[in-house]
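Predicted model only: the values in this text are computed from it and were never measured. For ligands, and for the atoms within them, numbers begin at 1 and follow the listed sequence.
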Amino acid sequence: MPTLTIDGHTVHADHGQFLLAACRSAGIQIPTLCDHPAVEPYGGCRLCVVDVTRPEWNGWCKMVVACLFPVEDGIVVHTASTRVIEVRKVVLDLLLARCPDTPLVRDLAARHGILATSYVRNQQPTDCILCGLCTRICDRMGMSAIGSVDRGAGREIATPFREPPAACIGCLACAEICPTGFIRYESGTARRKIWDKDFDMLRCPRCGRSHITVAQADFFAGRGGVPRSYFEICDVCKRKDLAVAATRLACATETPAR
Ligand code: SF4
Ligand code: FES
């Protein structure tokens, strides 16, 4: 089990664990914008930078992104050194230039003492912080319907050729994971629309609730060999069925009173 020192505390970490997780398990909070337990780390926002050193390095240290740096036995970590804080401030200053009106960015920047960007303010403010959570969750779901396009200040999340994406099944995973609400959609009882693509909704035959799109049911039924009828029942009704089955099982296995 690797043992390391984080901000003066001895921490026992798991093999293969990333430094960010080790910090969190020790109760040490580090700001992040692109980290999420549902997807692999990406190292995109650079907010989780920390200093890493070793006693034998005679004071030399290297700066790493904690979300992508695997723990090593004997390392000494500083999560809030002067230069770490300065780097985080530069990152937030730049992000504030790109997203000057985004509450998440404004709040985080303000907590680091930055109330206005010192860079040129984006003339076309966006709420997309380029955290890549949407593209990673879409990849993870198996669709890869969206991606990042262009470079520099013009970089953004878009669909291929900026057209309604053929691979999208309207699951809303991208919109739900987006930390800023940048990805817009409309969802009603009969129709759903996201990325300019329209979807028919599927109603649960038990309760009548519209819970997923027809495209979602088709996609999931085609993958795991699970019958399509399984996806037609909504989660609420499935849970009710499970509760009834569990109650019946408990009654059937109860020892009869003498
Ligand atoms: S659209 Fe949302 S989730 Fe996707 S990169 Fe931008 S901020 Fe992140
Ligand atoms: S959380 Fe580590 S780079 Fe974003």
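The proximity of Leu130 to ligand 1, defined as any non-hydrogen pair under 4.0 Å, is limited to the backbone.
Ranking the protein heavy atoms by distance from atom 3 (S) of ligand 2 puts Arg46 N, 3.2 Å first. If you check which protein heavy atom lies closest to atom 2 (Fe) of ligand 1, you get Cys178 SG, 2.3 Å. Scanning the protein heavy atoms around atom 6 (Fe) of ligand 1, the nearest turns out to be Cys128 SG, 2.3 Å. Scanning the protein for heavy atoms near atom 5 (S) of ligand 1, the closest one is Gly132 N, 3.2 Å.
Counting the atoms of ligand 1 from 1 in the order shown, those under 4.0 Å from a heavy atom of Ile129 are 6 (Fe), 7 (S). Residue Thr180 approaches ligand 1 through these ligand atoms, each under 4.0 Å from one of its heavy atoms: 7 (S). Residue-ligand proximity, Asp35 to ligand 2, at heavy-atom distances under 4.0 Å covers atoms 1 (S). Within ligand 1, counting atoms from 1 as listed, the ones closer than 4.0 Å to a heavy atom of Phe182 are 1 (S). Near Cys67, meaning under 4.0 Å from one of its heavy atoms, ligand 2 places the atoms 1 (S), 2 (Fe), 3 (S). Close approach of ligand 2 to Gly44 is summarised as follows: ligand atoms under 4.0 Å from at least one heavy atom of the residue are 3 (S). Atoms of ligand 1 lying under 4.0 Å from any heavy atom of Ile183, numbered from 1 in the order shown and given with element: 1 (S). Residue Cys134 has at least one heavy-atom neighbour below 4.0 Å for each of these atoms of ligand 1: 1 (S), 3 (S), 4 (Fe), 5 (S). Numbered from 1 in the order shown, with element, the atoms of ligand 2 that lie under 4.0 Å from a heavy atom of Thr32 read 1 (S).
Nearest heavy-atom pair across Leu96 and Ala116 is CD2-C, 3.8 Å. Taking every heavy atom of both residues into account, Arg203 and Ser210 meet most closely at CG-OG, 3.5 Å.
With hydrogens and angles ignored, the 3.5 Å screen pairs no side-chain donor or acceptor of Asp127 with any backbone N or O of Phe182.
Rounding to the nearest 10°, we obtain 110° for the angle at atom 4 (Fe) of ligand 2 between Cys45 SG and Cys34 SG.
No side-chain heavy atom of Val214 sits less than 4.5 Å from a side-chain heavy atom of Arg192. Between Met141 and Phe220, the closest side-chain pair of non-hydrogen atoms falls below 4.5 Å.
The closest non-hydrogen atom to atom 8 (Fe) of ligand 1, taken over Gly181, Cys174, Cys131, Cys138, comes from Cys131.
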